[in-house]
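Notes follow the structure.
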Amino acid sequence: MRKLSVFLFFMFICVATFAQNPIRTTIKGIIQDTSSVGMGGATVMLLAPKDSALINFSRANDKGIFEFKNVKNTAYILKVSYVGYLPYQQILAPSATEIADLGNVGIKPISKELLEVVVKTARAPLTIKGDTIEYDARSFKVPAGSSVEDLLRRLPGMEIDAQGNIKAQGKDVKKVLVDGKTFFGDDPKAATKNLGAETISKVQVFNDKSEQAKLTGVDDGKKEKAINLELKEEYKKGAFGKITGAVGTDSRMALRGNYNKFNKTSQFSILGYGNNINETGVNWSDYGEFKGNNSFNNNDNGDFGFGGNRWWGSDGDGITNQFDGRGFTNNGGGGMNYNFDNKKTKFSSSYFYNQTRLFLDQYQNKKTFLQNSAFLTTDTSSQNNFRGNHSIGTRFERMIDSSNTLIVKTNMRAGMKNDVNAMFQSNLTEEGLLRTRAAIKNSNDFTNFYLNTSAIFRHKFKKKGRSYALSFGYNVNNSIGNENLNSLTKFITAGTFTEQVRAIRQINDNDNRQNMVKGSALFLEPLSKKIFWETFYNFSSDNRSVNRQAFNGLFENRRMDSLSTYFENNVTYNRIGTSLRYSFSGVNISLGGAALRYDLDGKQFPQKGGQLFSSVTKSYPNFMPYLDASLELKNNLNFNFSYNLEVSAPQIADLQPVINNNNPFFISTGNPDLNPEKSHSVSLSMYKFDPATFLNINIWGNYNYYLSQVVYNQTIDPNTFIVRTRPENLSGGDNFSLGTYFGFPIIKTKLTVNLNPRISVSNNPTYINGILNNSNNQNYNLSFGLSLTPNDKLIMSLNTRLGINNIKYSLSEAQNQNIRNNGLDVSIKWNFVAKTFLETNLDYKRFRNERFGFEQDIPIYNVSVRRLFMKENKLEVRLAAFDLFNKRQSILQSGFQNTVVNQTSLTLARYFMLSLTYNLKGHESKLKKNQWWD
Amino acid sequence: MKNIITFISVFLISCVSYAQQEGMVRYTRTTYWTKLNSTLPYLSKQEKEKQAYMFGGRDEGIEYTLLYFNEKGSYYTQSEQLNSWEEKYDYNGRKEVFGIKRDFDKNSMTEVFEMIGKTYIMEDSLKQLNWKILNDIKDVAGHICMKAMIQDTIKKQKIIAWFAQDIPIIAGPERLYGLPGLILELDINDGAVIVEATKIEPLKITTQMDLPKKMKGKKINELAFQDMVRKFIQEKIKEEQNPFWSIRY
């Protein structure tokens, strides 16, 4: 007893002396389950109370005993985790003693049902908040349209009787909350019966204090089960769109709008436009928004084997702006697109209608060289062309199972076009003496129908890398319509009156039809981990008919037999090929060959149903070697090399032995004896990117050598200057091009430079009046660009282009031409006041051809100011001036065969425009360096 | 008698819990590009929505990685399996130099990797990572895992890790370690990148964790690495380009 008092006294002294807790402490205890068995291997963690940061951890030994020796003596959360048990936590205050013995720490098992059904089977995470267990309801699949009640029925531990009363873990659920709030009063069934299961993301089951306890504030220990339903965050559902209206001087106007609505699996969009400012369609950005995830479905053509384009780019379906810079256009279009994608099934469909009317006034100067002389042709033309197209496209892709995929596509286009072309043409001698003069007025009216369907089936075998694919396609391309040809030609130097004047009034009825059936098969077999063997077969049967009936309007509309024809043509194509591919760690090399055969069968009749007039049966067997190599080296350095022998069947128009006299001075006839084009084709490219310095280098080169080329040989009457052409095969033509691109920053993020020199050389042999002429066309281009961003409010850029085109004619070297097309472009974007932007650009072009006596400078200056208004900058008002100097016109200079041409066309010049754009999602309020798809 | 039964059952439980102290984990590493891009500060709200609209549901790139582990350390590298892009385009891309070695006994790390166009060898000591432990459990590859979280202040990432309650190995995929159990799943920035274990194979570790004998590359320490990453991300963001084309997310 005495001893004890001494001890107590001593201890009291100690506590008094060292009033503070020890600096270090040892925390220990025994982890036990509800039946007091020690839980060996349990993870015990010490966390910081303020943020649950992990400070220390340990494992309980096989008796469940754990110990943290000599840890900092501070407040902790002790956390225990063990498989199949609820994570346990306990707050530990700083220990008063050097050893904090927590004694038995009991952990509770998770209900077996919850563990088996929720965690193991549905693989849903369980969140434990005190005594609340929450889990992700999305893991439980219920049929579409199910109510929350149906969902709850599937959840473990829930019972729902016929009246809809809910029991959780055997206890009545008195309350159902939605996002923590009572839903339509207190009846728990109101929410569960009325809410759709698809709106729920999480279900929480917890013990609620009884109403009485809440009222009195005294915990009576009675707890009630309650359920909280958390609604889904619908981040993947939404809508966006914008509408622009613009009016300008000279009655210029534009209207453009799009609206997109989407959710997790489907996308719907509408797009429409109308304008008279030469936008024949929308830009690529709007096109992308319109097609949505269907924009990237284009690379599945069924033409297997080499030579097929694997990296297929979209042509914009005629919806994008295709304006070529000439003339004035009135445009309109609109359509809708629907995509569905639930990973297993992808379906897309779209409809679009667009139309364009083009008014084009054009002046063209052409010089044609003969062996010892030359002549000039000038023509002034005025065109009024209309195009209207309906297009419908659908695509269906289904992953039948993990090894089988089916794709079915159709594209249909129905269109109409009519053109009126009035032209005055004069032919002059080199000295400038007028020899002939023609007034031509042609018009035509056509309807077109185009259908393209294909089905592709792919199968992957169990053996990794072994697969086959089959494709089938059916295409139709019909064009029906008539042409009206009117011309009056005067031959000034002819002797007699009848020779002096020639008049044509002719009506051509045309009915051209094509249908094609095709199929392909591909088999891929891995020979080893790195070597693959590919075999393919392609087949197509292309049936075409041309029915042309010409009538003479000057002679009682009698049929003109010499200009009429009925022609049936069938081209059968068979190709079988094989290749070996080595593929490993950035080295991909394919080497192979294919045997192919074109079988041509042509029949010509004086008219449909008439006696066979002539027939052609030909077959062209060929062998096609192929090599493709790509090399991916360290440090972002890539090389590509490919060689193949290209063989392509002659164009049908070139095979028809029909006289085309639309222009009385340029008369062409087809050639049924034409052979396919054949060329050796080599290409090489290199790409290097250094992410550290942002340096980009691209080098590419191509060379083609024609073993057989379709060229248009000419016979020119030196007196009348009438040119007659006929396609024939010739060898020896070639072309070569080489280009490089360098881009790098001089000052990172502020000043970047790019340089892009390009060279292309081509040799085009043709027979002119029986003499072989080689025109050698050399193009040298150099572009240089600078882009300066001194701060995020100002972006400036400068681009120059130098272009030299030298053309040498072996027929008449004195006529060699030297064409220059140079340009300078300066643009500035300046965010000078908050939400207000100034954008301006000067595009200065120079066109020169001294020998031809051509000189033209075209400075085009655009400036605009725009300002953003409203909440989230939803409204943009822009005032723009286009071509302030009123100088815009289109100029083209070129030289080919035995000619040199320059062409000047009028187009939209100066106008001012005020536009308003309302964007549902608001406009960007700062300047962007890189426009995403704009 | 009762004691013996208890002893045997405890022994069996320990055997079960300690069975997988050595082996290999196969992970799939999926990048959801629209989610990743939506963390880039220079893209406007509209551009992010547009991306989600155009690529949503078709934006994932899947790679396969491996983690060799035992009590002493771990080695994380890429698997030979072709990634989803290679698979789709029948192309076999160059395998980058990539290995992350942890030595828990010596408290050291060695990493070889390519970044911003260069190969680096990083050697440093292992720092304690600032994990937070959360109150969720779920099943990954047949193991019940607990949730933990860490913030990467350099790449500005919130990383969720799920570590196995029953594999007492402090290793993990990517550059992460230091939890009381083997990390079987990572979720970087709300699902921009998900690294998920698909299979855990018991394996006798012999030379699998050895680094390649000939290693060429610029030697750096972790601090220099962090500086470089921070600076590169800043520059690229300023240039309005995605920095994560050239550095691992």
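Residue numbering restarts at 1 for every chain, and letters A, B, ... go by the order of the sequence lines. On a predicted model such as this, the values are computed, not experimentally measured, just so you know.
Looking at W245(B), there are no atoms closer than 4.5 Å to chain A (heavy atoms on both sides), in backbone or side chain. Proximity to chain B is limited to the backbone of L633(A), based on heavy atoms less than 4.5 angstrom apart. Only the backbone of L134(B) comes within less than 4.5 Å of a heavy atom in chain A; its side chain stays farther off. When heavy atoms are compared at a cutoff of 4.5 Å, T752(A) approaches chain B solely by way of its side chain, counted from C-beta outward. Q128(B) touches chain A through its side chain: at least one heavy atom from C-beta onward sits under 4.5 Å away, while N, CA, C and O do not. With a threshold of 4.5 angstrom between heavy atoms, V44(A) does not approach chain B through any atom at all. If you measure heavy-atom distances from N588(A) to chain B, the contacts under 4.5 Å come from the side chain alone. Heavy-atom distances place no part of N342(A) under 4.5 Å from chain B, backbone and side chain included. At a 4.5 Å heavy-atom cutoff, the contact between Y53(B) and chain A is made by backbone and side-chain atoms alike. Heavy atoms closer than 4.5 Å to chain A are found in the backbone of K118(B), but not in its side chain. With a threshold of 4.5 angstrom between heavy atoms, E114(B) approaches chain A through side-chain atoms but not through N, CA, C or O. Within the 4.5 angstrom heavy-atom criterion, no atom of E86(B) approaches chain A. Of the two parts of S58(A), neither the backbone nor the side chain holds a non-hydrogen atom closer than 4.5 Å to a non-hydrogen atom of chain B.
For E632(A) (side chain) and R94(B) (main-chain N/O), a donor-acceptor pair under 3.5 Å exists by modelled atom type. No donor-acceptor pair closer than 3.5 Å links the side chain of K634(A) to the backbone N or O of T119(B).
Rounding to the nearest 0.5 Å gives a distance of 15.0 Å between NZ of K147(B) and OG of S81(A). Distance check, rounded to the nearest 0.5 Å: CG of L54(A) to CG of L129(B) gives 10.0 Å. Taking CZ from R581(A) and CG from N92(B), the interatomic distance works out to 8.5 Å, rounded to the nearest 0.5 Å. Rounding to the nearest 0.5 angstrom, the gap separating the CD atom in Q241(B) from the CZ atom in F694(A) is 6.5 Å.
Across all non-hydrogen atoms, the minimal contact from I137(B) to P87(A) is CG2-CG, 4.1 Å. Shortest non-hydrogen contact noted between I116(B) and D690(A) is O-OD1, 4.2 Å. Across K50(B) and S285(A), no two heavy atoms sit closer than the pair NZ-OG, 2.5 Å. Of all the heavy atoms in Q165(B) and G84(A), the pair that sits closest is OE1-N, 4.3 Å. Minimum heavy-atom separation, F232(B) to P691(A): CE1-O, 3.2 Å.
Counting heavy-atom pairs closer than 4.5 Å to chain A, the top-ranked of the candidates P243(B), G181(B), P180(B) is P180(B). Heavy-atom pairs under 4.5 Å with chain B were tallied for K530(A), E289(A), E924(A), K464(A); the largest tally goes to E289(A). Highest contact tally toward chain B, considering only I55(A), V587(A), N260(A), N339(A), is held by N260(A) [criterion: heavy-atom pairs under 4.5 Å]. When the candidates M45(A), K921(A), E872(A), K79(A) are compared by the number of heavy-atom contacts under 4.5 Å with chain B, K79(A) comes out ahead.
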Note to self: Is there a side-chain contact (heavy atoms from CB on, under 4.5 Å) between I170(B) and F57(A)? Walk through the geometry before answering.
What the structure shows: CA-CA 11 Å; I170(B) 59 173; F57(A) 61 85; 3.5 Å; yes
Next item on the list: Start with the C-alpha gap between K748(A) and E239(B), add the side-chain angles, then the distance that decides, and say whether side-chain contact (heavy atoms from CB on, under 4.5 Å) holds.
Entry: CA-CA 8 Å; K748(A) 261 193 192 173; E239(B) 197 72 340; over 6 Å; no
Next item on the list: Carefully, step by step, assess K95(B) and F584(A) under the rule side-chain contact (heavy atoms from CB on, under 4.5 Å).
Entry: CA-CA 9 Å; K95(B) 289 273 173 272; F584(A) 185 69; 5.9 Å; no
Checklist line | Verdict with supporting geometry, T43(A) and M146(B), side-chain contact (heavy atoms from CB on, under 4.5 Å) | finding: CA-CA 11 Å; T43(A) 308; M146(B) 273 200 97; over 6 Å; no
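For NZ of K48(B), the number of neighbouring non-hydrogen atoms (other residues, nucleotides, ligands) closer than 6.0 Å is greater than 12. By the 6.0 Å contact criterion, NZ on K127(B) is enclosed, its count of non-hydrogen atoms from other residues, nucleotides or ligands being greater than 12. Other residues, nucleotides and ligands place no more than 12 heavy atoms under 6.0 Å from the NZ atom of K460(A). When the shell of 6.0 Å around NZ of K750(A) is examined, it contains more than 12 heavy atoms from other residues, nucleotides or ligands.
Evaluation of the salt bridge (Lys or Arg N to Asp or Glu O under 4.0 Å) test over residues 41-54 of chain A, restricted to residues two or more places apart or in two chains, returns D51(A)-K132(B).
In this structure, S52(A) and N135(B) have side chains that are not in contact, with every pair of non-hydrogen atoms separated by 4.5 Å or more. Side-chain contact between I133(B) and I77(A) is absent, with no heavy atoms from C-beta onward closer than 4.5 Å.
Geometric assessment of K926(A) against the ring of Y42(B) yields a negative cation-pi assignment under the 6.0 Å and 45° thresholds.
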